[in-house]
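Note that the structure is a prediction, hence the values are computed from the model and not measured. Residues take their numbers from the sequence shown, with the count starting at 1.
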Amino acid sequence: MDCLDKIIGYEGIKTELRKFADIMQHPDKYDALGARLPKGIMFHGDPGVGKSLMANCLIEASGRPGFICRKNKPNGEFINHIKETFDEAVKNAPSIVLLDDLDKFANEDYTRPNTEEYVTVQACMDEVKNKNVLVIATVNAKYLLPDSLLREGRFDEKIQVQNPQGEDAKKIIEYYLSQKKYVATLDIDEISKLLNGYSCAELESLINKAGVVAGYANKSQIEMDDIMKAYVKTAFGAPTNIYGRTEKQIEVIAYHEAGHAVVAELLQPHSVSLVTIANHMGNIGGFTAYYECDDYWVDKKYMENRIITLLAGRAAIELKYGKVDIGAGSDIDRAHRIAKRLVTEYCEYGFSNYHNSERREAIPEYIAKQIGHELDKYYQRSKELLSNNMNLLDKVAKSLMKKELLSHKEVSKIMHDNN
C-alpha cells in the first residue's frame, strides 16, 4: 500500500506529494534535467484538516529520516532545540526537518513577526540549503509568519489544505463510519451533503458523537437520526430536547422554524439540511440549517432568496397568530446585513446608494430608507408564499412538534407529498 494512501481524499495534494517523494527516491533523473527538490514545503490551512498527517506521510514516502520540531520547551531552551534539530538533520542527510505548527513557535502577533524563534528558523534554513535537508512546515495562520520566512528560497512550495468538500468529504465520512456499526440504510450521500465543509477532525468527532447518541439510546447500530443529533450538537451546541417550555411556546417555535423551512424549499427545492425546535445554544428557540450554494454571496437571486427565507419565521407567526414575532430579532439582523450589502456594495438599486463598508460614519438616511424599503418588499413576498401554502406550513410545524428534528429527506417528503 502506498503510504500516501493513508490520506483519505485530497487527490490533487497527494499527486503533488508523490512528485516530491519521487524526486527524493530517484534524484538522478531530476539531476539530469537540472531540476531540484524545493528548499521548503509548507502545508497551511485551518486546524484539523490533516496537515501534520500529510507531512508525516511525505516523510515516510521519501524514505528519509525525519526530525520533528514542535514548541514543547520554554523559550530559551526552544531556540536551542530548533538548532539541535537542524544539526541532527544535517548529520543524517539526506533528511527532512518537520516544523510542526510553525506559527506557534513564537507568541508574538503579526505586528511583531521578527521574533528570535523565526529568525533562528530562517538562519537554520539558510545554513542547510545545500546540505540535502528538506524543510517541511505545518501552519494554521500563515499571516502570523514574517514575509522573509515565507519567501521563495525558503518555502518554495505552499500547499493550502482546505476543509474537505464534495467527494473528499464523502470518502472521509465513509472511512470514519467504517470503524463504526451502522444500519445499512444510512444515506452516505445525504450525510456528506450535510457535513460538507467540516474539517477532518470535526468529521471524526461528529461520527463518534453519533455512536454515543446511539449507545445512550440502547441501539445496536447508528441510525440517521443519531447522525442528525450529533450534527446539531457539533454545529450549534444545541441540546436535543425541548424540556422546560410550555406547549404553546413549542407550537410557536415550531411554526417559526416551519416558516423558514417551507419558504426555503419553495424558493430553492432541497435547500434545507435540517430543521429543529431543540434549544439553540441555550436559547429558547430552534433553528433551520441550509445547504449553502456556491453563488450565495455573488448572485442577487440567492441573496434575495435568503432574505425572504430569513423573514419567513416572522411572517409565519403573523399569519398564524396575527401577532409580531418577538423572537425574530436575529433573523431580521441577518436579513438587514444582506440587504445592506445589496444596496450599498453591489449597488443593485442605483450607484447613488454606494457606501464603503469600511467607513465608520453612519449610513445616510436615504440609504437606510432604501434598505428598509427592500426589506418590506421581501417580507411581503415571504408572507405571500406562506399564505398560499398554509397547508405545508401546518404539516411541517406539526411534524416538528411530534419529532423535534426533521432531516432534509423528511422536509422534502412533506413538500413532495403535497404536490
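Asn196 places a side-chain N or O within 3.5 Å of a backbone atom of Gly166 that can act as its donor or acceptor partner. With Asp101 contributing its side chain and Lys104 its backbone, the two residues share no donor-acceptor pair below 3.5 Å. At distances below 3.5 Å, at least one donor-acceptor pair connects side-chain atoms of Lys39 with backbone N or O atoms of Lys129. When atom types are taken as modelled, the side chain of Ser192 and the backbone of Ala169 share no donor-acceptor pair closer than 3.5 angstrom. Checking side-chain atoms of Tyr10 against main-chain N and O of Gln162 turns up a donor-acceptor pair under 3.5 Å. In this structure, Thr234 contributes its side chain and Leu206 its backbone to no donor-acceptor pair below 3.5 Å. Judged purely by atom type and a 3.5 angstrom limit, Lys51 has no side-chain atom pairing as donor or acceptor with the backbone of Asn140. With hydrogens and angles ignored, the 3.5 Å screen pairs no side-chain donor or acceptor of His260 with any backbone N or O of Thr288. With Asp103 contributing its side chain and Ala141 its backbone, the two residues share a donor-acceptor pair below 3.5 Å. Here the side chain of Lys71 pairs no donor or acceptor atom with the backbone of Ala106 at under 3.5 angstrom.
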(request) Would you please test Tyr176 and Asn208 for side chain to side chain donor-acceptor pair (under 3.5 Å) and show each step? (result) CA-CA 8 Å; Tyr176 289 128; Asn208 187 67; over 6 Å; no

(request) Go through the steps to decide whether Val135 and Leu99 satisfy the test side-chain contact (heavy atoms from CB on, under 4.5 Å), and finish with yes or no. (result) CA-CA 7 Å; Val135 181; Leu99 306 172; 3.7 Å; yes

(request) Apply the test side-chain contact (heavy atoms from CB on, under 4.5 Å) to residues Ile96 and Phe67: give CA-CA distance (whole Å), side-chain angles for both, the deciding distance (0.1 Å), then the verdict. (result) CA-CA 6 Å; Ile96 296 176; Phe67 299 87; over 6 Å; no

(message) Arg36 vs Asp156, test: salt bridge (charged side-chain N to carboxylate O under 4.0 Å, His left out). Steps then yes/no.
(response) CA-CA 11 Å; Arg36 62 170 178 80; Asp156 301 305; 3.6 Å; yes

(message) Checking Tyr290 against Thr309 for the side-chain contact (heavy atoms from CB on, under 4.5 Å) test, could you report, in this order, the C-alpha distance in whole Å, the side-chain angles of both residues, the deciding distance, and whether it holds?
(response) CA-CA 10 Å; Tyr290 314 92; Thr309 299; 3.3 Å; yes

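Counting heavy atoms from C-beta outward, Ile68 and Asn56 have side chains that approach closer than 4.5 Å. With contacts defined as side-chain heavy-atom distances shorter than 4.5 Å, the pair Gln221/Lys180 does not qualify. No side-chain heavy atom of Lys29 sits less than 4.5 Å from a side-chain heavy atom of Ile23. Side-chain contact between Gln25 and Ser62: absent, with no pair of heavy atoms (C-beta onward) separated by less than 4.5 Å. Proximity of Pro164 to Ile172: side-chain heavy atoms (C-beta onward) are separated by under 4.5 Å at one or more points. Side-chain contact between Ile41 and Lys158: absent, with no pair of heavy atoms (C-beta onward) separated by less than 4.5 Å. Between Thr138 and Leu102, the closest side-chain pair of non-hydrogen atoms is not below 4.5 Å. Within the 4.5 Å cutoff, the side chain of Leu385 has heavy atoms near those of the Leu267 side chain.
Classification of the Phe78-His81 ring pair by plane angle, with boundaries at 30° and 60°, yields tilted.
Side-chain atoms of Glu223 and Tyr182 form no donor-acceptor pair, as typed in the model, at a separation below 3.5 Å. If you check the side chains of Gln268 and Ser271, you find no donor sitting under 3.5 Å from an acceptor. Looking only at atom types and distance, the side chain of Glu374 has a donor-acceptor partner in the side chain of Gln370 under 3.5 Å away. For the 3.5 Å distance criterion, the side chains of Asn132 and Arg64 qualify, holding a donor opposite an acceptor.
A salt bridge links Glu16 with Lys19: the closest approach of a Lys/Arg side-chain nitrogen to an acidic carboxylate oxygen falls below 4.0 angstrom. Using a cut-off of 4.0 Å between Lys/Arg side-chain N and Asp/Glu carboxylate O, Lys170 and Asp189 are scored as salt-bridged. Ion pairing of Arg154 with Asp126 is present here, as a side-chain N (NZ or NE/NH1/NH2) and a carboxylate O approach within less than 4.0 Å. Residues Asp226 and Lys219 are paired through a salt bridge, judged by an N-O separation under 4.0 Å between the basic side chain and the carboxylate. Contact check on Glu384 versus Arg381 returns a salt bridge, with a Lys/Arg side-chain nitrogen under 4.0 Å from an Asp/Glu carboxylate oxygen. Using a cut-off of 4.0 Å between Lys/Arg side-chain N and Asp/Glu carboxylate O, Glu410 and Lys403 are scored as salt-bridged.
Taking the six-membered ring wherever Trp is involved, the centroid distance between the rings of Tyr118 and Phe105 does not fall below 6.0 Å.
Counted within 6.0 Å of NZ on Lys369, heavy atoms from surrounding residues, nucleotides or ligands total 12 or fewer; the atom is thus considered open. Heavy-atom neighbours of Tyr216 OH from other residues, nucleotides or ligands within 6.0 Å: at or below the threshold of 12. Around the CZ atom of Arg151, the shell of radius 6.0 Å holds more than 12 heavy atoms that belong to other residues, nucleotides or ligands. Heavy-atom neighbours of Arg18 CZ from other residues, nucleotides or ligands within 6.0 Å: above the threshold of 12. For Tyr175, the OH atom is loosely surrounded, since the number of other residues' heavy atoms within 6.0 Å does not exceed 12. Few gaps surround CD on Glu11; more than 12 heavy atoms of other groups in view lie less than 6.0 Å from it. With a 6.0 Å radius and a threshold of 12 heavy atoms from other residues, nucleotides or ligands, Ile326 has its CD1 atom at or below the threshold. A 6.0 Å sphere centred on NZ of Lys181 holds no more than 12 heavy atoms belonging to other residues, nucleotides or ligands.
Cation-pi check for Lys300 over Tyr346 is not met; the charged atom does not lie both under 6.0 angstrom from the ring centroid and within 45 degrees of its normal. Seen from the ring of Tyr379, Arg314 counts as a face-on cation partner, given the 6.0 Å and 45° thresholds.
In plain terms, the two heavy atoms of Ile367 and Tyr354 that are nearest each other are CD1-O, 4.3 Å. Leu17 and Met54 make their closest contact through CD1-O, 4.0 Å (heavy atoms, listed as atom of the first residue, atom of the second, distance). Considering all non-hydrogen atoms of both residues, Gly48 and Ser199 come closest at O-CB, 3.5 Å. Ile307 approaches Ala339 most closely through the heavy-atom pair CD1-N, 3.7 Å. Across all non-hydrogen atoms, the minimal contact from Ala210 to Ala230 is N-CB, 3.5 Å. The shortest heavy-atom contact between Leu400 and Ala258 is CD1-N, 4.1 Å.
We find the CD1-CD1 distance between Ile207 and Ile191 to be 6.0 Å, quoted to the nearest 0.5 Å. Interatomic distance, Asp28 CG to Leu33 CG, rounded to the nearest 0.5 Å: 11.0 Å. If you take NZ on Lys209 and CD1 on Ile227, they are separated by 12.0 Å, rounding to the nearest 0.5 Å. Between Leu311 atom CG and Gln380 atom CD the span is 10.5 Å, to the nearest 0.5 Å. Here the CD1 atom belonging to Ile13 is positioned 12.0 Å from the SG atom belonging to Cys57, to the nearest 0.5 angstrom. For the atom pair Glu265 CD and Ser412 OG, the distance stands at 4.5 Å (nearest 0.5 Å).
For His270, the ring-ring contact (aromatic ring centres under 6.0 Å, His included) partners at least two apart in sequence or on another chain are His408.
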